[in-house]
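All values below come from the heavy atoms of this structure, side chains included, with hydrogens, waters and symmetry mates left out.
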Amino acid sequence: MKNQVCSKCGEGTYSLGSGIKFDEWDELPAGFSNVATFMDTVVSPSDSRPDGCNNSSWIPRGNYIESNRDDCTVSLIYAVHLKKSGYVFFEYQYVDNNIFFEFFIQNDQCQEMDTTADKWVKLTDNGEWGSHSVMLKSGTNILYWRTTGILMGSKVVKPVLVKNITIEGVAYTSECFPCKPGTFSNKPGSFNCQICPRNTYSEKGAKECIKCAEDSHFSEEGSSECMKRPACNTKDYFQIHTPCDEEGKTQIMYKWIEPKICREDLTDAIRLPPSGEKKNCPPCNPGFYNNGSSSCHPCPPGMFSDGTKECRPCPAGTEPALGFEYKWWNVLPGNMKTSCFNVGNSKCEGMNGWEVAGDHIQSGAGGSDNDYLILNMHIPGFKPPTSMTGAMGTELGRITFVFETFCSADCVLYFMVDINRKSTNVVESWGGTKEKQAYTHIIFKNATFTFTWAFQRTNQGQDNRRFINDMVKIYSITATNAVDGVASSCRACALGSEQSGSSCVPCPPGHYIEKETNQCKECPTDTYLSIHQVYGKEACIPCGPGSRNTQDHSSCYSDCFFYHEKENQSLHYDFSNLSSVGSLMNGPSFTSKGTKYFHFFNISLCGHEGKKLALCTNNITDFTVKEMVAGSDDYTNLVGTFVCQSTIIPSESKGFRAALSSQSIILADTFLGVTVETTLQNINIKEGMFPVSPSQLPDVHFFYKSSTTTPSCVNGRSTAVKMRCNPTKPNAGVISVPSKCPAGTCDGCTFYFLWESTEACPLCTEHDFHEIEGACKRGFQETLYVWNEPKWCIKGISLPEKKLSTCETVDFWLKVGAGVGAFIAVLLVALTCYFWKKNQKLEYKYSKLVMTTNSKECELPAADSCAIMEGEDNEEEVVYSNKKSLLGKLKSLATKEKEDHFESVQLKSSRSPNI
């Protein structure tokens, strides 16, 4: 320092000059810090969350540091002050897009630097270390390695691994750094230290490595001490099968796991079992034959074999069914290879990851319990047979394997697919012990595929072998329609009409092979062609209720029209206006760490000639995708189907620049039928799942299924959409899920939706309106037609125009009738009064006559004077009646004087009242 001259570092030390390097991760180096943040905007006390992020952090693992595995946001932070412009460089493994990995730089004002515009780190392939470097400006630089889990379930995620962080541009170092234990530097002026080989060790600042006493001690590479060799036990050896010899025999051989670290000379140690036991070789796999030799060879093109007989040519009118069916495992097939790797060490490099074992292939021993044991199968392409060209639809082939796992720890089996050597994606994974089962993966495009099976006993590094007996066994692997495949059988094919030989010709789409003539014949209407065989009319499978076939008979679909007969009434439905994709955003839901997410559903109900218009995309690749060829049409992040689901994390939830769509899955890719019944092909909409409809109209049910199976849905997923007429929901209406199953499903396999809309109402008929007749005015009458309320129909027939008809007016006769009625009423009242008065007078005269008679019984009454006395009034009127009036006639009728008429004079008696 005194002379300000750069000098070489001595042996056992190293220096980067103006840089620093972090390659020891036994503990978090000085200057590094972990910050776990909860970036959701939901305001709630942190202690109210079921599981906070306080325990989430980056974890040192010796040679590297490992990120968190949960859905918290955790930052690994390091602040450095640069004297001049420099750079930061690090190596990493990032294989799981269920975690976001960002690297960015801030200045001392907490502002992101311009150099970190692209802060999203690219994905790497399994087992490969990628590198990332960013230029740094002079001054204070705060480095952030930030990971954010987006896991919505219990699926195992693979963390991000980082090692060898190098920062260039700091002040020239004034001292040399000693080599860490397990490394050495034997030359002056070294800028790094070398790792000590196996069975050697070194202490800090070592110039060379010291050998262990090999008889009693051992060490792994990069060790700081030697360890005692333990006694050998059953976990230290494994068995293999040798290739078949000329006698058709295979030998069982036992080998120590390399490198051998156990001792056989200890008292409780076991010995290696004797090798050399001979057993009959298993037969060749279908499509292969040994031809009297010790090895199996594929049958030539155009020939087939079941593995036990010689290869024979396919008969006339047939063609070989190409593919691979591996069910006997004496040697590893030619298109398969095995390997082993470990992210933290190179113990198992060069080892076989899997070993053949007769009727199965199983995971090998590996070098440590956290090794990845890899089995690859390469297929250059998929192509259906000539006769099946028009029947496969979108499916080109499928790969099926039967397996089981035996685990005592957290083992995981991964099944991965690589398309065109671009990126390896995990399709499915199984953790823990699994019973013997089959899994099928369907191929939708013709491309070069590499299928990978990776088995890891535990993801935690172990110094000793504790889980060597944990293994996975694969009993069979079958790939159909492989381009370079072999044939175990032949299938009938169509013959050209002008050819008499055995040359096969492809049938047009939607045609089956007629058994009698081996000619192509189109399937009947409303049937679709089976993808498994096209021979005979039975290959045409009837479509479900309410559905019709596509033009090429590849599948069935609904044309949006449905007919139902109900109580002698025909109901016609037209769902055409609902044929565009319907969407439902369901939620929000929260993970155990509090991350907010939504389930987003897209439904392509009907129409469009059976095209599946529901698209669910994963935009994770917008942030993390590897460098890909422009215009790539890989379907790994795009799902087109009838019903699909994506998991949406809103942008504010994790601080992303856009909402995140991930974990897109197919819920329905096959249409089963449409009916008013609640059950179709084992899919049942239980009563009470949705509220009861207020109308008497039946709900219409669309049923779908998905051909993709999962460990939890062995029969695949299925979907039922209940269409309900609701006049209050116009246009596209509203889609909802059962209240008891807020995620749309109760078991994860069958999904239910209720779609309410006016467009789900039947077409209007004459039963949906009634007529109202108006009054007859001026000889004309109006008849109006109005809809029944509430209106439970749409479109269909229109309301008839109002009708104007002639009618006879009733006003005149009504008046006449009213006048006659009034006259008769007045007449009756008058007659009643008259007869009442007449009766009163007769009673009076009669009573007076009786009184006079009783007073003078024997004396004749004196004649009354005819003259009017003085003082008397002429009270009696003399009435002359010479002519009968109407009133008189009525009087005569009343007094029964019908024939004789007299002139009468009424006289008032002048007798004194005293007489």
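Listed for the Thr124 side chain is a donor-acceptor partner under 3.5 Å among the backbone atoms of Tyr94. Of the possible donor and acceptor atoms, one in the side chain of Asn199 sits under 3.5 Å from a partner among the backbone N and O of Ser219. Here the side chain of Thr480 pairs a donor or acceptor atom with the backbone of Arg398 at under 3.5 angstrom. A distance-only check finds a donor-acceptor pair linking the side chain of Asp306 to the backbone of Thr308 [under 3.5 Å]. With hydrogens and angles disregarded, no donor-acceptor distance shorter than 3.5 Å links the side chain of Ser223 to the backbone of Tyr201. For the pair Asn285 (side chain) and Trp328 (backbone), a donor-acceptor distance under 3.5 Å is present. Side-chain atoms of Ser202 come within 3.5 Å of backbone N or O of Gly182 as a donor-acceptor pair. Under the 3.5 Å distance criterion, the side-chain polar atoms of Asn34 are matched with a main-chain donor or acceptor of Trp58. With hydrogens and angles disregarded, a donor-acceptor distance shorter than 3.5 Å links the side chain of Arg229 to the backbone of Lys260. Side-chain N or O atoms of Thr405 include one that pairs as donor or acceptor with a backbone N or O of Gly432 at under 3.5 Å.
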Evaluate Ile477 against Ile399 for side-chain contact (heavy atoms from CB on, under 4.5 Å), listing each step before the verdict.
CA-CA 7 Å; Ile477 299 176; Ile399 181 168; 4.2 Å; yes
Taking it one step at a time, do Val402 and His360 satisfy side-chain contact (heavy atoms from CB on, under 4.5 Å)?
CA-CA 10 Å; Val402 179; His360 66 272; over 6 Å; no
Is there a side chain to side chain donor-acceptor pair (under 3.5 Å) between Thr458 and Asn370 once you walk through the steps?
CA-CA 5 Å; Thr458 177; Asn370 64 338; over 6 Å; no
Is there a side-chain contact (heavy atoms from CB on, under 4.5 Å) between Trp256 and Glu264 once you walk through the steps?
CA-CA 11 Å; Trp256 293 113; Glu264 300 177 68; 3.5 Å; yes
Residues Phe184, Cys196; criterion side-chain contact (heavy atoms from CB on, under 4.5 Å); working and verdict:
CA-CA 7 Å; Phe184 71 99; Cys196 287; 4.1 Å; yes
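The distance between the ring centers of Trp453 and Phe403 does not fall below 6.0 angstrom. Ring pair Tyr439/Trp430: centre-to-centre distance below 6.0 Å.
Each of Phe451, Tyr475, Tyr326, Phe415 was scored for a ring pair (Phe, Tyr, Trp, His ring centres under 6.0 Å) with Phe401, with one residue passing: Phe415. When Tyr78, Phe22, Phe90 are each tested for a ring pair (Phe, Tyr, Trp, His ring centres under 6.0 Å) with Trp145, only one passes: Phe90.
Side-chain contact between Thr166 and Asp23 is absent, with no heavy atoms from C-beta onward closer than 4.5 Å. Counting only heavy atoms from C-beta outward, the side chains of Leu28 and Leu76 approach each other to under 4.5 Å. Two residues are said to be in side-chain contact when any heavy atoms from C-beta on lie closer than 4.5 Å; Trp25 and Leu161 fail this criterion. Residues Trp354 and Leu373 meet the side-chain proximity criterion, which asks for heavy atoms closer than 4.5 Å. Between Cys407 and Phe455, the closest side-chain pair of non-hydrogen atoms falls below 4.5 Å.
Rounding to the nearest 0.5 Å places OG of Ser67 at 11.5 Å from CD of Gln93. The NE2 atom of His297 sits 11.5 Å away from the OH atom of Tyr289 when rounded to the nearest 0.5 Å. Here OG of Ser339 is found 5.5 Å from CD1 of Ile374. Values are rounded to the nearest 0.5 Å. The CG atom of Asp371 sits 8.0 Å away from atom CZ of Arg457, with the distance rounded to the nearest 0.5 Å. Gln251 CD to Ser275 OG: the interatomic distance, rounded to the nearest 0.5 Å, is 8.5 Å. The SG atom of Cys232 sits 10.0 Å away from the CG atom of Asp268 when rounded to the nearest 0.5 Å.
Counting non-hydrogen atoms of neighbouring residues, nucleotides and ligands closer than 6.0 angstrom, the NZ atom of Lys337 reaches no more than 12 such neighbours. Counting non-hydrogen atoms of other residues, nucleotides and ligands closer than 6.0 Å to CD1 of Ile195 gives a total of 12 or fewer. Heavy-atom contacts from other residues, nucleotides or ligands closer than 6.0 Å to CD of Gln437 number more than 12.
At a cut-off of 3.5 Å, with distance as the only test, a side-chain donor of Asn68 or Thr147 sits close to an acceptor on the other residue. The closest side-chain donor-acceptor pair between Asn164 and Glu91 falls under 3.5 angstrom.
Between Glu220 and Arg198 there is a salt bridge, since a side-chain N of the basic residue sits under 4.0 Å from a carboxylate O of the acidic one.
Here the closest non-hydrogen pair linking Leu332 and Ile361 is CD1-CD1, 3.5 Å.
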